Chemist: 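Here it is, the structure, as structure tokens.
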Amino acid sequence: MITSLIRRAIQAGFVIFAMTLIVFIGVNVIGNPVDILINPDLNQAERLRVVESLGLDRPLWQQYLSFLHGLAQGDFGDSFVYSKPALDVIVERLPATLELALCAMLIAIVVGLPLGLYAGLYPNRVSSKIIMTGSILGFSLPTFWVGLMFILLFAVQLGWLPSNGRGETELLFGARWSFLTADGLAHLFLPALNLALFKTSLILRLTRAGVQEVVMQDYVKFARAKGLRENRIIFVHILKNLMIPVVTIIGLEFGSLIAFSVVTESIFGWPGMGKLIIDSINLLDRPVIVAYLMMMVVLFVSLNFIIDICYTLLDPRVRLDGKG
Amino acid sequence: MDSNSVPVADPHGNPPTAAGSAGASASRSIWPALLRFFSAPAAVVGALGLLIVLFVAIFAPWLSPQNPFDLMQLDILDSRLPPGSESFSGVPYILGTDGQGRDILSGIMYGLRTSLIVGLASAIAAALIGTTLGLMAAYVGGRTEGFMMRLVDLQLSFPTILMALMVLAILGNGVTNVVLAIIVAEWATYARTARGTALVEREKEYIEAARCLRIPGHRVLLRHLLPNCLAPIIVIATMQVARAIGLEATLSFLGLGASVTQPSLGMLIANGYQYLLSGLYWISFYPGIALLITIVSINLVGDRLRDVLNPRNAR
């Protein structure tokens, strides 16, 4: 157990290392930093001076080493747009994105789990079929377009909810949160719902598939034969055994919610990391782009690492020996 | 990670049935399979939708009332007209016009073209690359396989949009880069499916027989292994085309697929974004509906294909 954990940790470290190499090569070799970083109006002598001061005239491996050095200290250079350290710019936006992703996940669970349970228990009812068709729509509808339609319906036509920004925020644990104020909640609702749409369908379908598998198991039949009440069978025998795959997918999908918040944040003007990265790509704010990419790599690698550990803890049949 | 994570693989090593072996079923007759395919109403709707979409996309220049990229045909006086209104010169705009006086309907027809081309091109390229690598991994085995599957696992642990963003952040905006981004984001799905299926097929007698006849490796791969692994790959490919179209639309919407001269559906929707708050809904709404019809149709067809091509369902 311990050895396999250590091996997994080494692998994770290696992946992060490989990604630093890819990102570095991508940004510094494929894209030309001189063009991006230096004002084209400068004359040749000034250009050379800037190239030298940025260290772009040194051999690549030296540049890479100093890149790694900066990375280890969390130093990605200063953002061109905000004139602040790139990491600070991103970390500032982190609470907004986390808040949005958490709320979306909550909505997806609260809506998806019961509906999936229902559709799995009574697959032949018309309502179940409507739910399942609806979930296909949830998969097929382009998220960004649904977001626009939300704005059109709830913000423009009905005028019920605001469509832009975070609204009032309250300070808690050193960060600002929207869900603590009524105005902030109103601002949060539409983006969270939009982001949750896809995940709701996913959890719904997963739950339904799980229910249909579990219902056939002997222990459920036995529970029925014992004459247990239906409620107890559903909530203890079925739901409990369903939780492993569902919890796994929730963990896995949380990372992807953060990645997909890029779209939702851009539509609703939500000032999180996702909107920041799109703006940075469009403005060629290289330090912020690199910092964001590296942060995402670390986030996903750690997330997978944690999920792997949870697997072994939850299900002793899984071995971490990396075969497969 | 192993073959049982691929739903379409036959875990029991049953002899290939008519539907399981694509080569065999094609030589016998495809009519029973077609009949089975169309026995579900959803599949008929999907196939019909797909036909219409393809027809419109192919014949856009002849069907559309206006060439939206020909500046001569545009009239700024006709900009932002609601659906159903008539142009300055008396031509009706069924779905209205956008900020530059472009007919939305024509814009959709041409946009559909761009979207489909980008979606198909990237999905096909990803399919070729992914399938080749997946089959090779399964056939060669050993270290190569281990390494390749680690790569696939790694790739699949990142969400597609993040992979695409990474590529675009490095290479910059543009249609070609979007295609590349989608390929990078999606090849791993094919590789995993191909390997999963090939692992099962590899153990079967006909491969052994081919090997005993000392048929060269590449021939066994291409002529014996590949045809029998095709069914699940086709199903995945169908779904992936829909995903590629959606991803392209999303990236274009975010302003990363920029090609102003040939806007895809995603860009058309993005164009309408700025007018949305003033209630000019049609500029974003109708292109979105077109996108929705395309994606749903493909998904319905793919869903049915999976049922029909799955040997376990062939009874």
Side-chain angles (χ1 to χ4, degrees), chain A residues 11 15 18-19 22-23 25-31 36 133 136-137 139-149 151-153 155-157 163-164 252-253 255-260 262-263 266-267 274 277-278 280-282 284 286 289-290 292-293 296-297 300-301 303-304 307 322-324, chain B residues 1-3 5 42 146 149-150 153-154 157-173 239 242-243 245-247 249-256 258 265-266 269-270 272-273 276-281 284-285 287-289 291-300 303:
Chain A
Q11 272 179 0
V15 166
M19 290 311 266
I22 293 174
V23 170
I25 290 176
V27 176
N28 291 281
V29 181
I30 300 175
I36 301 170
T133 316
I136 293 181
L137 267 185
F139 271 124
S140 302
L141 283 167
T143 310
F144 66 98
W145 184 71
V146 175
L148 293 186
M149 292 306 116
I151 291 182
L152 187 70
L153 186 65
V156 181
Q157 302 285 344
S163 69
N164 200 290
L252 272 174
E253 294 299 319
S256 108
L257 267 181
I258 289 184
F260 272 96
V262 165
V263 181
S266 296
I267 297 170
I277 180 70
I278 297 297
S280 302
I281 291 178
N282 283 325
L284 294 174
R286 198 179 63 119
I289 297 175
V290 171
Y292 177 86
L293 291 182
M296 282 292 147
V297 168
F300 277 94
V301 171
L303 213 59
N304 281 315
I307 289 167
K323 290 262 167 67
Chain B
M1 234 156 279
D2 46 26
S3 58
S5 68
M149 286 307 123
R150 277 263 147 262
D153 283 344
L154 175 68
S157 67
F158 290 92
T160 47
I161 187 130
L162 189 68
M163 291 310 299
L165 275 184
M166 215 176 253
V167 173
L168 289 173
I170 289 171
L171 297 180
N173 305 348
M239 304 293 207
R243 289 191 65 182
I245 292 175
L247 187 58
T250 306
L251 293 171
S252 294
F253 174 77
L254 293 172
L256 301 176
L265 290 177
I269 296 171
Y273 179 45
L276 206 63
L277 287 179
S278 35
L280 309 179
Y281 68 93
S284 282
F285 181 74
I289 293 286
L291 185 63
L292 181 62
I293 292 174
T294 313
I295 294 179
V296 172
S297 302
I298 299 177
N299 278 341
L300 285 176
D303 213 36

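It should be emphasised that the depicted structure is a prediction, and the values quoted were computed from it without experimental measurement. Within every chain, numbering begins at 1; the chains are lettered A, B, ... in the order of the sequence lines, protein sequences first and strands thereafter. Excluded from the calculations below are hydrogen atoms, water molecules and symmetry mates; all remaining heavy atoms, backbone and side chain alike, are included.
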Chemist: So which residue, A:I258, A:V297, A:L303, ends up with the most heavy-atom pairs under 4.5 Å with chain B?
Modeler: A:V297
Chemist: Please answer whether the main-chain N or O of B:N299 pairs with a side-chain N or O of B:D303 as donor and acceptor at a distance below 3.5 Å.
Modeler: no
Chemist: Side chain, backbone, both or neither: which part of A:L148 has a non-hydrogen atom closer than 4.5 Å to chain B?
Modeler: both
Chemist: For residues B:P159 and A:F260, report the shortest heavy-atom separation together with the two atoms involved.
Modeler: CB-CE1, 4.1 Å
Chemist: Contact part of B:L265 toward chain A, heavy-atom cut-off under 4.5 Å: side chain, backbone, both or neither?
Modeler: neither
Chemist: Provide the closest heavy-atom pair for A:F144 versus B:G266 in the form atom of the first, atom of the second, distance.
Modeler: CZ-CA, 4.4 Å
Chemist: Non-hydrogen atoms of chain B under 4.5 Å away: do they reach the side chain of A:V263, the backbone, both or neither?
Modeler: both
Chemist: Check each atom of B:L254 against the heavy atoms of chain A and say whether the ones under 4.5 Å are side chain, backbone, both or neither.
Modeler: both
Chemist: Using non-hydrogen atoms only, which part of A:I267 is less than 4.5 Å away from chain B: side chain, backbone, both, or neither?
Modeler: both
Chemist: Side chain, backbone, both or neither: which part of B:L165 has a heavy atom under 4.5 Å from chain A?
Modeler: both
Chemist: Test side-chain contact (heavy atoms from CB on, under 4.5 Å) on A:I278 and B:L256 and set out the steps.
Modeler: CA-CA 8 Å; A:I278 297 297; B:L256 301 176; 4.1 Å; yes
Chemist: Do you know which two heavy atoms are closest between A:P142 and B:I295, and how far apart they sit?
Modeler: CG-CD1, 4.4 Å
Chemist: Side chain, backbone, both or neither: which part of A:V146 has an atom under 4.5 Å from a heavy atom of chain B?
Modeler: neither
Chemist: Sort A:L141 into side chain, backbone, both or neither according to what part of it lies under 4.5 angstrom from a heavy atom of chain B.
Modeler: both
Chemist: List the steps and the verdict of side-chain contact (heavy atoms from CB on, under 4.5 Å) for A:I277 and A:V262.
Modeler: CA-CA 8 Å; A:I277 180 70; A:V262 165; 4.1 Å; yes
Chemist: If you tally heavy-atom pairs under 4.5 Å against chain A, which of B:L168, B:I269, B:L291 wins?
Modeler: B:I269
Chemist: Looking only at heavy atoms, what is the nearest atom pair of B:F158 and A:M296, with distance?
Modeler: CE2-O, 4.3 Å
Chemist: Is B:A249 in contact with chain A via its backbone, its side chain, both, or neither, using a 4.5 Å heavy-atom distance?
Modeler: both
Chemist: When B:V296 is tested against each of B:L300, B:T294, B:I293 for side-chain contact (heavy atoms from CB on, under 4.5 Å), which residue passes?
Modeler: B:L300
